[in-house]
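Only a predicted model underlies this, so the values are computations on that prediction, with no experimental measurement involved. Both ligands and their constituent atoms are indexed starting at 1 by order of listing.
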Amino acid sequence: MRVIIEKTAAQAELRTARIMADMIRSKPQAVLGLATGGTPVNVYQELVRQHQEEDLDFSGIKTFNLDEYVGLGPKHPQSFRFFMQENLFDHVNIDPAQTHVPDGRALDFDGHCRHYEQRIAEAGGIDLQLLGIGVDGHIAFNEPGSSLGSRTRLKTLAGETIRQNEKYFPEGEQVPRLALTMGVGTILESRSCLLLATGSHKASAIRSMVEGPVTAQITASALQLHREVTVIVDEAAGGWLERRDYYADVEACHQLLETGQLRALGIGN
Ligand code: PGA
């Protein structure tokens with residue numbers, strides 16, 4: 001796991017967007033896994049800016065979102081399909097037919113989820129999966145206790161998740177209790193993962209994910225088993241990491257390598 005601690009949330013968001021943009025530029029037919037929630041909003045805003053001002057080209061890109069609330073259609077303002085249209089898809093030159101979000105109105109849950117997995121496989125698998133993390137350590141809607149081998153399926157949301165997400169719903173409107181979500185096993189099959197977390201309310205989950213044991217109680221901890229994960233946090237979200245000095249050291253060495261300052265690394269002295 002590569003852990004990058006940026007000073008501010010804005011810097012963490014920008015770093016995340018740049019990694020995604022680099023993927024789009026280096027592989028114009030890339031398959032991206034996308035996330036919703038408060039965390040990635042500014043990441044998408046930066047990608048839209050790069051599309052508008054720097055010709056970032058989405059025409060060959062395919063996307064698969066992590067999850068969707070059961071019961072909400074694409075026109076519902078709190079549905080994740082609506083979120084994606086508003087925050088990204090409607091503002092870039094992506095082919096709408098190549099954007100995939102689980103269908104919150106599908107009632108054949110098993111069939112729909114199997115089909116979703118099949119579409120990911122047919123696309124050649126996910127090149128880069130963007131992730132957030134819940135305060136309970138979930139990735140996508142894989143709540144504590146989810147099997148680390150789980151696939152896309154119906155999931156009951158934890159009370160903590162429902163409370164966290166209430167702020168996005170108008171007062172008095174019920175937060176859905178069920179979701180369709182990629183499984184931990186599905187996410188682990190992505191060729192690379194990029195997890196962004198900002199704010200002190202994520203500090204405990206980040207610490208457990210990066211430095212705790214691998215456990216189904218913190219499903220994000222399964223990323224320790226993945227061979228290519230980048231975790232980007234601001235100082236608040238990284239505040240509980242015990243080995244943050246080491247992570248900073250790793251970044252400093254990366255910088256020296258990338259800029260060819262080999263002598264500073266003891267190479268060729
Ligand atoms: P948030 O959600 O970005 O709204 O904090 C993250 C998550 O639950 O995965």
Side-chain angles (χ1 to χ4, degrees), residues 6 8-10 12-17 20 32-47 64-70 72 77-84 86-88 101-102 104 126 128-146 148 150 152 155-170 175-184 186-188 190 193-210 216-223 226 229-234 236-240:
E6 295 283 0
T8 65
E13 291 154 1
L14 192 59
R15 185 87 178 247
T16 304
M20 295 184 72
L32 300 179
L34 298 178
T36 53
T39 310
V41 169
N42 292 336
V43 174
Y44 294 139
Q45 204 171 80
E46 171 61 15
L47 291 176
F64 288 90
N65 265 77
L66 287 167
D67 44 18
E68 179 61 284
Y69 288 121
V70 168
L72 304 192
Q78 265 63 49
S79 75
F80 291 160
R81 165 56 80 175
F82 189 91
F83 173 101
M84 290 311 303
E86 288 274 292
N87 284 282
L88 183 66
V101 181
I126 292 170
L128 177 64
Q129 175 67 61
L130 178 65
L131 296 162
I133 187 170
V135 293
D136 62 2
H138 69 211
I139 40 172
F141 273 137
N142 293 288
E143 301 290 24
S146 293
L148 300 187
S150 52
T152 304
K155 193 74 198 162
T156 302
L157 300 180
E160 181 57 36
T161 300
I162 292 174
R163 273 192 296 283
Q164 286 293 326
N165 289 349
E166 263 166 2
K167 58 178 178 284
Y168 300 122
F169 283 76
V175 181
R177 296 174 63 188
L178 300 173
L180 299 179
T181 179
M182 278 190 208
V184 180
T186 319
I187 293 166
L188 290 178
S190 308
C193 294
L194 179 59
L195 187 142
L196 171 66
T198 52
S200 56
H201 61 305
K202 298 290 174 73
S204 166
I206 286 293
R207 159 104 191 266
S208 302
M209 171 185 83
V210 177
Q217 295 308 314
I218 303 284
T219 52
S221 68
L223 294 173
H226 193 287
V229 178
T230 304
V231 177
I232 303 184
V233 293
D234 63 356
W240 288 24

side-chain hydrogen bond (donor to acceptor under 3.5 Å, both in side chains) filter on Glu143, not counting sequence neighbours, yields His138, Thr161
Among Thr39, Asp234, Val43, exactly one meets side-chain contact (heavy atoms from CB on, under 4.5 Å) together with Glu13. Which residue is that?
Val43
For ligand 1, what are the residues with a heavy-atom contact below 4.0 Å?
Gly37, Gly38, Thr39, Gly132, Ile133, Gly134, His138, Tyr168, Lys202
Give the ring-plane orientation class for Tyr69 versus Phe169, where under 30° counts as parallel, over 60° as perpendicular and anything between as tilted.
perpendicular
Is Arg163 salt-bridged to Glu160, going by a charged N under 4.0 Å from an acidic O?
yes
Are Leu188 and Leu148 close enough that some pair of their side-chain heavy atoms sits under 4.5 Å apart?
no
Side chains of Met84 and Leu34: closer than 4.5 Å at any heavy-atom pair?
yes
